[in-house]
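Below: the structure, in structure tokens.
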Amino acid sequence: MTDASLPTPHHLPCTIGDLPVARIAEIAAFAGQRVQIRGWLHNRRSKGKLHFLQLRDGSGIIQAVLFKGDFDEATFARADHLQQESSIVVAGTVRADERAPSGFELQADGLLVVAEAHADYPISPKEHGVAFLMDHRHLWLRSRRQAAILRVRARIVKSIRDFFDSHDYVLVDTPIFTPNACEGTSTLFETDYHDQKAYLSQSGQLYSEATAMALGRVYTFGPTFRAEKSKTRRHLTEFWMVEPEAAFLDLDGVIDLAEDLVCTIAQDVLRDRGPELDLIDSIRSEAEEHRQLKLRREALAAIRKPFIRLDYADAVDQLHELGSDIPFGDDLGGDDETILTQQYDRPIFVRRYPAQVKAFYMKRDPADPVRSLSVDMLAPEGYGEVIGGGQREDDHDTLRAAIEHHKLPMAAFDWYLDLRKYGTVPHGGFGLGLERTVAWVCGLPHVRETIAFPRLMDRLRP
RNA sequence: UCCGACGUAGCUCAGCUGGUAGAGCAGGUGACUGUUAAUCACCGGGUCCCGUGUUCAAGUCACGGCGUCGGAGCCA
């Protein structure tokens with residue numbers, strides 16, 4: 001297998017003898033034992049004949065204590081001059097100690113420097129501006145708060161997948177290249193697809209309607225793309241969305257499903273990521289303090305069934321009482337969503353929006369054709385729209401008329417109309433925006449911190 | 001696309017009615033046997049975003065540009 005013509009890779013030293021390697025997250029299990037921990041130097045303090053190294057291994061941070069008497073002079077002196085983020089291996093005995101930040105510390109007796117970091121590591125322990133941190137996102141992710149957010153995000157993704165898998169929904173991935181501007185609403189990214197135009201998907205929903213007719217219950221979970229020039233704390237140009245779709249699911253069924261999913265997410269995160277939530281709470285910027293967010297454990301504990309259910313008409317009435325001047329028939333603006341959600345400590349479903357503000361495929365309310373069988377879920381504390389969905393138009397001729405009315409290219413929807421020709425059934429689903437959900441669960445001011453490498457209108461790097 | 005704010009050391013910022021540049025952190029040297037964003041002493045570090053103009057004199061005032069941030073619309 002080895003190609004002798006290739007240069008020999010040079011191997012970095014990264015073990016101290018044959019000591020067991022301990023992960024900081026599981027350090028309690030090694031209490032009293034001599035181990036080695038491999039990671040990066042997070043911070044360093046010194047008291048002369050005593051050095052404190054904060055060691056980060058990805059699973060956590062632990063303090064290594066080095067006494068001068070336990071080391072040769074050169075190694076001890078080097079420990080006092082190591083740059084932040086140098087990769088190191090520390091050997092020592094795991095000890096419970098109240099003086100240590102995590103309750104455990106490593107009484108060090110060996111130090112191996114894998115690779116010293118350059119002296120100009122840009123992210124110091126003091127505060128930085130968001131623009132600078134975003135330019136150094138690849139390094140910013142090493143900070144405790146950012147790592148905690150990514151852990152919460154990963155838990156939410158798992159929660160979503162477990163929820164649908166255990167409710168008999170089949171994961172079906174939908175294409176990212178699409179031939180048309182599907183819904184005719186959003187601005188899409190255009191690409192050259194072997195001499196024809198293709199667009200990056202803004203939603204997998206239309207395809208999921210097809211697979212729902214094949215498999216009954218399906219969900220798609222992947223990235224979606226919007227080219228709109230939106231510069232707000234709620235927008236990314238590339239974001240992840242989970243979209244369940246099911247045959248024989250009506251509007252009430254869609255709402256019940258969304259409610260169960262959101263409750264499951266809240267419970268799972270509360271149960272499994274409490275320490276991460278506490279950490280995020282403990283490191284808040286001034287701007288965040290200003291928002292007077294609840295502690296995240298309290299906010300998540302309040303997410304219980306039943307959520308508030310309001311018809312659009314009632315929501316508008318309530319907004320008028322609260323001082324909004326929203327015209328009846330308009331979609332809710334950001335301010336309206338904020339005002340409304342601040343009245344309740346749990347999410348709100350707003351149902352039956354005017355058909356004219358929703359997409360062409362929304363089914364009209366048989367009892368009142370001006371309205372659609374649509375629903376948005378608005379999260380508390382001003383987080384706004386996290387879910388949008390509803391029941392789909394299932395009548396062939398009505399759908400065809402809607403496509404015409406929206407002046408969409410009929411040829412692009414022949415396959416979609418087929419679904420109504422060959423055994424149409426009532427069906428519905430919704431889309432949940434992952435990043436907005438993570439921002440809400442973590443109490444973050446901006447969705448850009450909820451994904452490792454955010455893509456924003458003006459930011460493509462790193 | 002529109003509205004608003006900001007741009008000074010590697011970073012976060014101060015710099016008054018215009019008079020020629022300052023702090024903390026980071027970096028360097030040293031002290032300290034329990035530090036918790038350690039502390040203390042000393043040292044190095046600047047195209048004050050760019051351009052034009054006003055002025056004896058511009059980080060400071062005016063205009064134009066560039067960049068960043070926040071918001072609106074649209075949406076998840």
Side-chain angles (χ1 to χ4, degrees), chain A residues 42-54 61 63-70 76-77 80-81 83-85 95 97-102 105 107 117-136 139-140 143-144 183 185-188 202-205 223-243 258 282-283 285-287 330-335 337-338 357-359 376-379 383-389 430-440 445-448 450 456-459:
Chain A
H42 184 70
N43 199 1
R44 165 172 61 73
R45 289 180 285 271
S46 175
K47 285 285 289 183
K49 293 175 183 169
L50 180 59
H51 300 324
F52 300 97
L53 305 186
Q54 310 295 323
I61 291 178
Q63 173 166 280
V65 186
L66 285 69
F67 283 101
K68 189 177 172 75
D70 296 335
F76 192 75
D80 197 28
H81 289 85
Q83 295 297 325
Q84 184 186 358
E85 292 304 323
R95 231 180 39 190
D97 192 316
E98 282 182 8
R99 294 168 297 185
S102 69
E105 64 181 21
Q107 181 71 50
H118 289 205
D120 58 355
Y121 184 73
I123 300 179
S124 66
K126 288 271 181 172
E127 62 187 277
H128 300 279
V130 174
F132 175 80
L133 290 169
M134 270 299 165
D135 286 339
H136 298 85
L139 303 174
W140 187 19
S143 73
R144 289 185 301 161
E183 301 180 20
T185 50
S186 312
T187 318
L188 303 189
Q202 58 159 340
S203 163
Q205 184 206 310
T224 50
F225 308 87
R226 304 279 167 91
E228 276 126 5
K229 297 189 186 302
S230 299
K231 281 180 68 170
T232 80
R233 65 183 66 198
R234 299 201 296 273
H235 288 88
L236 297 169
T237 55
E238 178 183 306
F239 65 97
W240 285 65
M241 187 156 67
V242 61
E243 296 174 282
S282 72
I283 312 174
S285 68
E286 260 178 56
D330 278 20
D331 203 354
L332 269 48
D335 287 347
E337 287 183 1
T338 303
V357 304
K358 288 293 177 185
D376 285 353
M377 194 198 80
L378 309 180
Y383 278 96
E385 188 181 346
V386 166
I387 285 176
F430 62 84
L432 174 141
L434 178 63
E435 286 75 14
R436 287 187 182 179
T437 304
V438 177
W440 166 38
H446 200 299
V447 289
R448 66 189 158 204
T450 64
L456 296 143
M457 181 183 148
D458 294 320
R459 184 173 291 282

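Since this is a predicted model, take the numbers as computed values, not measurements. Numbered from 1 within each chain, the chains take letters A, B, ... in sequence-line order. Just so it is clear, the values below take in all heavy atoms, side chains as well, and ignore hydrogens, waters and symmetry mates.
- On the C1' atoms, B:rC49 is 15 Å away from B:rA9, given to the nearest whole Å.
- A:His235 comes within contact range of at least one nucleobase, with a heavy-atom separation under 4.0 Å.
- Among the protein residues, A:Leu236 comes within range of the nucleic acid bases, having at least one heavy atom under 4.0 Å from a base atom.
- As judged by a 4.0 angstrom heavy-atom cut-off over every strand, A:Thr224 is placed among residues making no nucleic acid contact.
- If A:Arg459 and A:Leu434 are placed on RNA chain B by their nearest nucleotide, the residue sitting closer to the 5' end is A:Arg459.
- Using a 4.0 Å heavy-atom cutoff across all strands shown, A:Asp331 reaches sugar-phosphate atoms only and no base atom.
- By the criterion of a centre-to-centre distance under 5.5 Å and near-parallel planes under 30°, the ring of A:Tyr121 forms no stack with the base of B:rA26.
- With rounding to whole Å, A:Leu456 atom CG is found 16 Å from B:rG67 atom C1'.
- Across the protein-nucleic acid pair, A:Leu378 atom CG and B:rA76 atom P stand 12 Å apart, rounded to whole Å.
- Atom-to-atom, CD of A:Gln83 to C1' of B:rG28 comes out at 10 Å; the value is rounded to the nearest Å.
- Residue A:Arg448 places at least one side-chain N or O closer than 4.0 Å to OP1 or OP2 of B:rG70.
- For the C1' atoms, the distance from B:rC50 to B:rU12 is 24 Å, rounded to whole Å.
- A salt bridge links A:Asp376 to A:Lys358: at least one charged side-chain nitrogen sits closer than 4.0 Å to a carboxylate oxygen.
- B:rC74 and B:rC16 have their P atoms separated by 43 Å, with the value rounded to a whole Å.
- For A:Arg95 and B:rG34, a side-chain-to-base donor-acceptor distance below 3.5 Å is present, hydrogens and geometry of angles not being considered.
- The shortest distance between the side-chain N/O atoms of A:Arg436 and the OP1/OP2 oxygens of B:rC75 is not below 4.0 Å.
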Notebook entry, point to check: Just by protein heavy atoms under 4.0 Å, how would nucleotides 1-13 of chain B read 5' to 3' in B, S and -?
Noted result: B---------SS-
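- When the C1' atom of B:rU35 is taken as reference, atom CZ of A:Phe52 falls 4 Å away, rounded to whole Å.
- A straight line from CZ of A:Phe67 to P of B:rG34 spans 8 Å, rounded to a whole angstrom.
- Nucleic acid contact for A:His81: sugar-phosphate only, since backbone atoms but no base atoms lie under 4.0 Å from a heavy atom of the residue.
- Atom NE2 of A:His42 and atom C1' of B:rA26 are 15 Å apart (whole Å).
- B:rC25 and B:rA76: their P atoms are spaced 48 Å apart (whole Å).
- Distance NE2 (A:His446) to P (B:rA76): 18 Å, rounded to an integer number of Å.
- Between the side chain of A:Gln84 and the base of B:rG27, no donor-acceptor pair under 3.5 Å is found.
- In terms of polar N and O atoms assigned as donor or acceptor, the side chain of A:Arg233 never comes within less than 3.5 Å of the base of B:rC69 in a complementary pairing.
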